[in-house]
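These notes concern the structure reproduced below.
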Protein chains: 2
Amino acid sequence: MTATNELFRLKGYTATTLAEISAAAEAPVGSIYHFFPGGKAELAEAVVLETGEAYRELFVLFVAESSSPGEAVEAFFSGAAETLESSGFLDPCPIGGVGREVANVDERLRRAVGRVFETWVQTLAAGVGVLGVPADRAASVARSVIALLEGGFVLARVERNGDVLRHAGREARGMIERTAAAATVPGSC
Amino acid sequence: MTATNELFRLKGYTATTLAEISAAAEAPVGSIYHFFPGGKAELAEAVVLETGEAYRELFVLFVAESSSPGEAVEAFFSGAAETLESSGFLDPCPIGGVGREVANVDERLRRAVGRVFETWVQTLAAGVGVLGVPADRAASVARSVIALLEGGFVLARVERNGDVLRHAGREARGMIERTAAAATVPGSC
DNA sequence: GTCTATACCGAGATAGAC
DNA sequence: GTCTATCTCGGTATAGAC
């Protein structure tokens with residue numbers, strides 16, 4: 001499944017073939033259908049859910065090592081930039097890539113990606129909420145931060161420049177801290 | 001070429017076939033190769049460049065009708081949300097979609113997408129620059145705004161919710177105005 | 001230059017021996 | 001449950017009549 005993940009990051013969902021996956025995983029094609037009777041789409045769903053949870057847990061680690069959600073987010077963006085550069089600008093997030101490809105084509109996969117994003121939103125929003133931001137506002141900012149991250153992947157990869165992601169990280173942090181400031185001291189600035 | 005554009009927005013680059021394009025454009029397959037000897041990739045490059053310039057000009061219109069770059073950006077995001085909803089959540093931007101799919105696979109296409117993004121960055125940065133923001137800082141914020149837009153497309157489509165884009169628009173506006181404020185009154189806040 | 005027919009290949013999926 | 005051989009379909013691309 002790690003093999004599938006990497007292939008998705010390299011070429012996306014549609015362009016990745018079962019033959020390639022079979023070769024990279026050193027497992028025959030038949031085995032794929034043994035574990036995933038639904039074929040490619042079912043395999044992709046499993047990859048999306050698994051990777052989504054792994055990334056969520058990774059972010060939680062960043063939060064634990066930071067003194068504020070804004071700081072954690074900025075560090076997370078920087079980490080993604082490192083990953084991007086050291087991988088030769090592979091897509092850091094197969095989930096968003098798959099999501100964009102299948103959003104109007106495969107309802108089941110679309111929902112799987114949507115569920116993953118929602119867990120990310122909740123996790124990040126919980127962190128922001130600690131700063132005294134109301135839940136709905138926190139969720140809204142969280143969504144924008146995740147959108148900025150996903151879009152940052154596109155620009156950084158296409159321009160082959162990891163700094164795009166680092167700058168985006170600073171902006172993401174600013175978004176969070178500004179929201180917190182507005183929530184706690186309503187009339188400031 | 002409009003047909004190709006719509007198909008890319010629906011299914012992405014790889015999943016769109018020449019047969020579909022041929023059918024939608026009501027033109028035989030041979031004609032495609034007559035105008036684009038390089039086949040699918042060359043056609044895609046033309047679509048990317050053309051659509052990219054069209055969107056850039058559209059944004060310039062928004063700027064002309066707004067009283068500030070931040071307002072123009074927010075309105076642009078809202079317009080994208082309308083488009084998204086009324087199209088059944090087709091990808092509003094085939095450019096970013098193609099970019100994400102081919103970034104590590106087709107160098108020529110990747111560069112085409114990169115050039116388009118760069119024209120967008122320059123156009124938006126010029127608007128932000130008018131507010132007194134230094135050029136490099138303006139370009140950096142512009143990139144983040146575009147990243148937020150592209151990522152907003154992913155989340156909004158996957159969650160089937162145009163409001164994601166509207167909220168992102170408010171954040172984008174905030175990013176711009178905060179940058180301008182920091183640049184003009186260095187010690188404020 | 002427009003269009004049709006087709007070559008050729010590789011896709012996802014499956015059947016069935018082991 | 002593992003693996004191989006293969007089915008069938010649909011992909012890109014091209015050749016060649018009009």
Side-chain angles (χ1 to χ4, degrees), chain A residues 1-51 91 94-95 97-113, chain B residues 1-50 91 94 97-113:
Chain A
M1 220 145 97
T2 314
T4 310
N5 188 304
E6 274 196 39
L7 282 163
F8 283 0
R9 292 175 53 200
L10 177 69
K11 337 170 63 175
Y13 172 66
T14 313
T16 297
T17 73
L18 290 181
E20 287 171 317
I21 294 172
S22 165
E26 294 179 63
V29 188
S31 292
I32 299 179
Y33 282 91
H34 177 69
F35 293 108
F36 305 99
K40 193 181 177 184
E42 192 177 328
L43 169 58
E45 188 180 11
V47 169
V48 162
L49 296 176
E50 188 188 73
T51 309
D91 195 332
I95 301 155
V98 170
R100 191 160 191 169
E101 280 185 67
V102 307
N104 284 278
V105 169
D106 187 320
E107 185 67 5
R108 197 176 147 92
L109 258 181
R110 195 213 96 212
R111 295 186 111 94
V113 174
Chain B
M1 219 147 97
T2 314
T4 311
N5 190 305
E6 272 196 41
L7 282 163
F8 283 180
R9 293 175 52 200
L10 177 69
K11 338 171 61 174
Y13 172 67
T14 312
T16 298
T17 73
L18 291 181
E20 288 170 316
I21 295 172
S22 164
E26 294 179 64
V29 189
S31 293
I32 299 179
Y33 283 92
H34 177 70
F35 293 108
F36 305 100
K40 193 181 177 183
E42 193 177 327
L43 168 59
E45 188 181 11
V47 169
V48 162
L49 296 176
E50 188 187 74
D91 195 333
V98 170
R100 191 160 191 169
E101 280 186 68
V102 305
N104 284 277
V105 169
D106 187 320
E107 186 67 5
R108 197 177 146 90
L109 258 182
R110 194 213 97 212
R111 295 186 111 93
V113 174

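With rounding to whole Å, B/L7 atom CG is found 11 Å from D/dT12 atom P. Nucleotide C/dA11 holds its C1' atom 13 Å from the OH atom of A/Y13, rounded to whole Å. For A/I21 and D/dC3, the CD1 to P distance is 17 Å, given to the nearest whole Å. Taking atom CG of residue A/L18 and atom P of nucleotide D/dT4, one finds them 16 Å apart after rounding to whole Å. As a whole-Å value, the separation of B/I32 CD1 from D/dT12 P is 9 Å.
With C/dT2, C/dA13, C/dA11 as the candidates, the nucleotide lying closest to the side chain of A/A19 is C/dA11. In the set D/dT2, C/dC3, D/dT12, the nucleotide with an atom closest to the side chain of B/P28 is C/dC3. Across C/dG12, D/dG11, C/dT2, the shortest atom-to-atom separation from the side chain of B/S31 is found for C/dT2.
At a threshold of 4.5 Å between non-hydrogen side-chain atoms, the residues B/R110 and B/V105 do not count as touching. A/K40 places a side-chain heavy atom less than 4.5 Å from the side chain of A/Y13. Between B/F8 and B/V48, every side-chain heavy-atom pair lies at or beyond the 4.5 Å cut-off.
Annotation: of the two residues near DNA chain D, A/H34 and A/V29, the 5′-most nearest-nucleotide partner is A/H34. If A/P37 and A/E20 are placed on DNA chain C by their nearest nucleotide, the residue sitting closer to the 5' end is A/E20.
One finds no side-chain N or O of A/Y33 lying less than 4.0 angstrom from the OP1 or OP2 phosphate oxygen of C/dT14.
Heavy atoms of A/F36 sit nowhere under 4.0 angstrom from any nucleic acid atom. Within the 4.0 angstrom heavy-atom criterion, only backbone atoms of the sugar-phosphate kind lie near B/T16; the bases stay farther away.
Summarising the local packing, CD of A/E107 is surrounded by more than 12 heavy atoms from other residues, nucleotides or ligands at distances under 6.0 Å.
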